[in-house]
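Worksheet: the structure to be examined is printed underneath.
Just so we're on the same page: letters track the sequence lines, and every chain starts at 1.
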Number of protein chains: 2
Amino acid sequence: MLRMSKLTDYGTLVLAQLAANDRGLSTCASVAAATHLGQPTVSKLLKLLARAGLVVSVRGAQGGYALARPPETITAAEILDALEGPVAITACSSAVGLCGLEGHCRVGAAWQRINRSIRVALESVTLADLLTSPDPLPAEMLERELRKSAATG
Amino acid sequence: MLRMSKLTDYGTLVLAQLAANDRGLSTCASVAAATHLGQPTVSKLLKLLARAGLVVSVRGAQGGYALARPPETITAAEILDALEGPVAITACSSAVGLCGLEGHCRVGAAWQRINRSIRVALESVTLADLLTSPDPLPAEMLERELRKSAATG
DNA sequence: GAATAGTGGACTATTTTAGTCCTGTATGAG
DNA sequence: CTCATACAGGACTAAAATAGTCCACTATTC
Ligand code: FES
Ligand code: FES
């Protein structure tokens with residue numbers, strides 16, 4: 001529980017892919033191919049990320065997307081905000097009047113404290129950190145290496 | 001986003017109510033009345049909490065529910081675990097083989113790091129803490145701090 | 001043995017999320 | 001100038017998770 005949506009997870013992959021292609025623009029299609037996600041899904045994500053200002057887009061032929069800023073300056077919190085709106089651990093903590101229980105509820109403040117802790121954790125991790133995770137799965141990586149070797153040699 | 005379910009929030013209210021009624025047992029109906037929640041909903045929550053061992057139940061006439069342990073020893077993390085299963089910020093981080101992208105994904109490890117930070121935050125807050133925030137206003141918190149300072153010296 | 005109160009699980013309705021599709025617009029190449 | 005490329009925006013459908021309800025059953029007390 002307390003999970004972020006799959007789309008946000010995918011969004012991170014997409015951003016990671018853009019970061020890898022740092023030199024130039026990546027088209028929606030190429031990102032989809034690289035990440036093994038559906039093209040419409042990637043398109044949707046890139047549109048959202050563009051609107052949030054995390055990526056820039058260039059229209060027309062030879063167009064595509066690129067990170068708006070260096071990966072070190074893009075935090076996990078920003079990615080979450082872009083794709084899911086502001087973090088709010090309880091429905092009630094985001095705005096007044098949503099809950100109907102506010103008059104009777106004594107626990108809201110503490111949740112908000114937790115909420116802030118979570119936000120700090122999310123702000124302390126950047127896209128660059130996300131990229132430098134060395135090993136997804138040792139066995140899987142080994143297998144890929146083997147396949148690559150077989151293909152090239 | 002990154003929100004816990006409403007049910008979990010309610011569960012906290014229910015636990016808070018049991019803590020308030022520390023002297024004896026509370027029936028499902030009385031908790032529902034005190035929290036302004038629906039009776040069937042409260043029933044469901046208490047059943048889940050009982051199964052998780054956070055509350056104890058007594059059947060029969062004069063029966064009811066009570067906290068299994070003092071509020072200081074029940075953490076927010078336990079409540080979340082009881083009502084929503086183990087915390088896992090991404091679908092992928094809970095188990096291997098859920099995602100299908102694992103071979104291509106480089107970001108999983110970092111999310112798990114964030115996940116652990118969140119868990120630490122959740123474990124550092126107890127039900128007792130949740131109870132002692134009588135009102136969410138910063139002014140009130142400041143006042144309490146001041147009183148504490150005044151008390152200690 | 002009648003009333004009270006929890007147990008278990010099935011079930012429906014609602015909301016959220018995920019994913020798709022289509023129409024429009026800007027840019028560059030030929 | 002025209003066509004192909006590729007983003008923009010939003011509507012739409014499908015699928016899944018959540019929330020909430022209900023009922024038949026069991027244990028306990030009076
Ligand atoms: S304000 Fe909504 S449950 Fe606390
Ligand atoms: S392992 Fe599933 S997206 Fe990373």
Distance col, row B:S57:OG vs B:Y65:OH, nearest 0.5 angstrom, shows 5.5 Å
In this structure, CG of A:L80 is separated from CD of A:E78 (nearest 0.5 Å) by 10.5 Å
Euclidean distance, atom [atom1] of residue [X] to atom [atom2] of [N] [Å, nearest integer]:
X     : N      : atom1 : atom2 : value
B:D9  : D:dT18 : CG    : C1'   : 14 Å
A:K44 : D:dC12 : NZ    : P     : 14 Å
A:L48 : D:dG10 : CG    : C1'   : 12 Å
B:L25 : D:dT28 : CG    : P     : 13 Å
B:L45 : C:dG6  : CG    : C1'   : 15 Å
B:L83 : D:dA17 : CG    : P     : 18 Å
A:L46 : D:dG9  : CG    : C1'   : 14 Å
B:E84 : C:dT16 : CD    : C1'   : 14 Å

Of A:V58 and B:R51, the one whose nearest nucleotide on DNA chain C sits closer to the 5' end is B:R51
D:dT28 base to B:R59 side chain: any donor-acceptor pair below 3.5 Å?
no
Could you check whether the side chain of B:K47 and the base of C:dG6 have a donor-acceptor pair of N or O atoms closer than 3.5 Å, going by distance alone?
no
Phosphate OP1/OP2 of [N] contacted by [X] side-chain N/O (<4.0 Å):
X     : N      : answer
A:T41 : C:dT20 : yes
B:T27 : C:dG6  : no
A:S43 : D:dA8  : no
B:Y10 : D:dT18 : no
B:Q62 : C:dT4  : no

Nearest listed nucleotide, side chain of [X], among [options]:
X     : options               : value
B:Y65 : D:dC7, C:dG6, D:dG20  : C:dG6
B:A61 : D:dA19, C:dT20, C:dA3 : C:dA3
A:S57 : D:dT28, C:dG19, D:dA8 : D:dA8

Heavy-atom closest pair (A:R69 atom, A:L54 atom, distance to 0.1 Å) is NH2-CD2, 3.3 Å
Between B:T126 and B:E72 the two heavy atoms that sit nearest each other are CG2-O, 3.1 Å
**Asked** Within the structure shown, what part of the strands sits under 4.0 Å from B:G63 by heavy-atom distance: base, sugar-phosphate, or nothing?
**Response** sugar-phosphate
Next on the checklist: Pairing donors with acceptors under 3.5 angstrom, does anything connect the side chains of B:E123 and B:T75?
Outcome noted: no
